[in-house]
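The block underneath contains the structure these notes are about, expressed in structure tokens.
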2 protein chains.
Amino acid sequence: MASTDRRHAGVARALRPSTKVLPGQARAHNRSLVLQLLYREGPMSRADIARSTELTRVTISDLVAELIDERFVIEHGPRDESRPGKRATMIDIDRAGHQMIAVDLSGDDAFRAAVVNIGGEVVERCEVPIDGAQGPDAVAQALAVIDDARARASAPLLGIGVGSPGVIDDLGIVRVAVSLGWTDVNLRTAIAERTGLPVTVMNDVNVAVLAEHSFGQIESDDVILVRIGHGVGAGVIVGGVTFRGSRFWDGEIGHVTVGTGEGPLCRCGRSACLEAWVGVPHLTAELEHLSSETERSAFLRDAGAYLGIALAPIVRTLDLTDVVLSGPPELLGGDFLVGAHDTLLERAMVGDPDELSLRMTTLGHDNVLFGAVVLVLSGQLGVS
Amino acid sequence: MASTDRRHAGVARALRPSTKVLPGQARAHNRSLVLQLLYREGPMSRADIARSTELTRVTISDLVAELIDERFVIEHGPRDESRPGKRATMIDIDRAGHQMIAVDLSGDDAFRAAVVNIGGEVVERCEVPIDGAQGPDAVAQALAVIDDARARASAPLLGIGVGSPGVIDDLGIVRVAVSLGWTDVNLRTAIAERTGLPVTVMNDVNVAVLAEHSFGQIESDDVILVRIGHGVGAGVIVGGVTFRGSRFWDGEIGHVTVGTGEGPLCRCGRSACLEAWVGVPHLTAELEHLSSETERSAFLRDAGAYLGIALAPIVRTLDLTDVVLSGPPELLGGDFLVGAHDTLLERAMVGDPDELSLRMTTLGHDNVLFGAVVLVLSGQLGVS
DNA sequence: GAATGTTAGTAAGCTGTACTAACAAACATG
DNA sequence: CATGTTTGTTAGTACAGCTTACTAACATTC
């Protein structure tokens, strides 16, 4: 009988944990669907939206009226093109009608923020030097750069998105961020109380991969982004959704042992950690000792190979199609990338090289900032 | 302008691809919520369900009436316990009221099927020898074992769940299954047309991890199951949902290169593949050459270590808490497991050993069969 | 230029979902 | 026995999206 009970408990867990759904939530969903479509397709008529969503024209008219009322959508006058039938009225997102604040706390020297409109265009940029601030002082600096941005906004603010280093839970509490001296800092609440706006906080690497998926040139819904700086971190999107580990330690790949031989000493005290192989401090230090270009090239290729070794089991298990590297392009963009790519193809036994793309981010240093934009867009306008 | 367009396209992708939601679908969701709850908690009153789901008693009464009408739920008479107020009428899932057919095509020698009731109890078992059947013959054998099971069912059938080897897409088409000589075999449609029942087909390892998550003793919603037989495959559940690669090649981890030194030759022609290190043929062949117990023990521990090496980057990146091994317990259950566990803890830098569990499946050979049960339960009664 | 057919958008009424309010039945307790 | 609680139901309400039917506006054809 005990075994029977256990079985019941088990099946319940297989069915996804969920809560009630009210009709109103269905409407919110359909509302987002309309916004989504307008984003992707640009200006279109109510009838177009109805055909695309398979909702009726009546329902779409109703939803659009609501969105126009809230200033998220505007009428653009009659369609240019000439067709039989009544001329259609074009509708579009009011891309300049609302703005949001994107915050990047991942810099070594400064906290950066930007005022961005719904269309993803940066309207204003601000920066506040960190000056080695730690703990509460660092929080104050973060609030300062947000205050600055808020003062420069020229339209109603939708919300605030923050990409921060450290281990961050789903409530926006920074469990630990060594570089800023934070332990259990409730960043989300701190910013929300200061500004009265909806705030979303996420780990910088997770946010960077969001940006890559949204603003980068990626077709796939399964992407991994590896960020190489002092440390090494990864962000994973599977099925179009950011993957978050149950204890929020996902992507903390820097101290995985790589290789079955000897390896360089890591600052964590062990040796052959991925971070010890490919972290920026190690790369620059080694390159200084190498004079000839051939030596430097071979070294970078070898270092890249170690990244490939670590990634192979992940790429194969998740059947990933896109791997993106973020970090100093002068170090990673050349031989390092080639070494990583070659090794990855070989060790993951990818037959056709076209099946696996490994490349540098196309967004450069702004990827965290744009990821923060995605946080706000999906949180405030999206489907959740 | 082109860059602006690209941005819009990007943001649209970030918002999850979705379709319209009708009020009726919300009701279906709430209906499943009730079933879920009854599964987990066992018999309870309508008022209990209302409190748990935060839907009103009225709504619950309505949903329960519908479920009773469809024979999924039965009234169990008044509650035993004596409390103030009107005595509650207990209701429960009618666990014997419907049955389903679970099919396991992963065996080396035989196709197996079972008639299982909603409660997860096996009512009948059938088996059909494969006898080396290939291609269409193998399909015929699979249909035969299903016919057999169908004839033995003693209650209305809810549907059919199938766990099959090979690469299987989301439509239930077996893209390729080497051992059965299948290429682009539409197994789902073949079975559906023969039986007229809803059919779900999934890769055997993915199905096995479903079983582990539902019927096994696992708390976590993030699990990886590694199945070691002739080959090596993995199945991943993240956030309680089976992970499926965009090209359905997820979990095909057998031919990832492991280690940075020499390695045994693999049947694929390369060397140091995971399968070459830990596949059953290699393990048994090597063990034959070893006479002393210490040698055998050391060998198995080393072999397990190679599995640990391959798993470390995955476990760290996904922050997994549970790793489950499936395969011959006499080979994997002892020193092999210890070697894998030790290596994994060390190389993934898991501080507290309690944070990562690595163990054998508790369901033994039946894990694919029970996974097929989960397919039907979640497909026909579950959410989404 | 008038007739015809097509398309866009709106108005009215219907169906279905979940809600609140109110009630009777059944029970324990003081 | 009176009182208070709990259960499950009935009646009526709010809201979402539907169908049906309409008007306005347009191109095409005669």
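All of these numbers come straight from a predicted model, not from anything done at the bench. Within every chain, numbering begins at 1; the chains are lettered A, B, ... in the order of the sequence lines, protein sequences first and strands thereafter.
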- Should we say atom CG of A:Asp80 is surrounded by more than 12 heavy atoms from elsewhere, each under 6.0 Å from it? no
- Taking only residues two or more places apart in sequence, or in another chain, which ones meet B:Asn117 in a side chain to side chain donor-acceptor pair (under 3.5 Å)? B:Glu121
- Message: I'd like to check the side chain to side chain donor-acceptor pair (under 3.5 Å) partners of A:Thr195; sequence neighbours left out, ordered by chain and number.
- Response: none
- Interatomic distance, B:Ile49 CD1 vs C:dA18 P [rounded to whole Å]: 14 Å
- Query: Does the side chain of A:Ser61 get closer than 4.0 angstrom to OP1 or OP2 of C:dG9 through an N or O atom?
  - Reply: no
- Message: So, does A:Thr56 get its side chain near the phosphate of D:dG17, meaning an N or O under 4.0 Å from OP1 or OP2?
- Response: no
- Item | Residues that A:Thr189 engages under side chain to side chain donor-acceptor pair (under 3.5 Å), provided they are two or more places apart | A:Asn186
Below 3.5 Å between N/O atoms, which protein atoms pair up with nucleotides 13-16 of chain D? Just atom names and distances, please.
none

- From CD of B:Glu54 across to P of C:dC19 the rounded distance in Å is 10 Å
- With a non-hydrogen cut-off below 4.0 angstrom, is B:Ile60 in contact with a base, only sugar-phosphate, or nothing? nothing
Between the protein and nucleotides 4-7 of chain D, which nitrogen or oxygen pairs come in under 3.5 angstrom?
unit_1	atom_1	unit_2	atom_2	d
D:dT5	O2	B:Gly85	N	3.2
D:dT6	O2	B:Lys86	N	2.6
D:dT7	OP1	B:Arg51	NH2	3.1
D:dT7	OP2	B:Arg51	NH1	3.1

- Task: Using whole Å, report how far CG of A:Leu55 lies from C1' of D:dT19.
- Result: 14 Å
- Under the ring-ring contact (aromatic ring centres under 6.0 Å, His included) rule, what pairs show up with a residue in residues 48-67 of chain B, not counting sequence neighbours? none
- Message: Can you pull out every salt bridge (Lys or Arg N to Asp or Glu O under 4.0 Å) where at least one residue sits in residues 57-69 of chain B? Sequence neighbours excluded, please.
- Response: B:Arg27-B:Asp62, B:Arg27-B:Glu66, B:Arg31-B:Glu66
- Query: Considering residues at least two apart in sequence or located in another chain, which fulfil the side chain to side chain donor-acceptor pair (under 3.5 Å) criterion with B:Thr59?
  - Reply: B:Thr56
- Task: Using ring pair (Phe, Tyr, Trp, His ring centres under 6.0 Å) as the criterion, list what pairs up with B:Phe72, not counting sequence neighbours.
- Result: B:His98
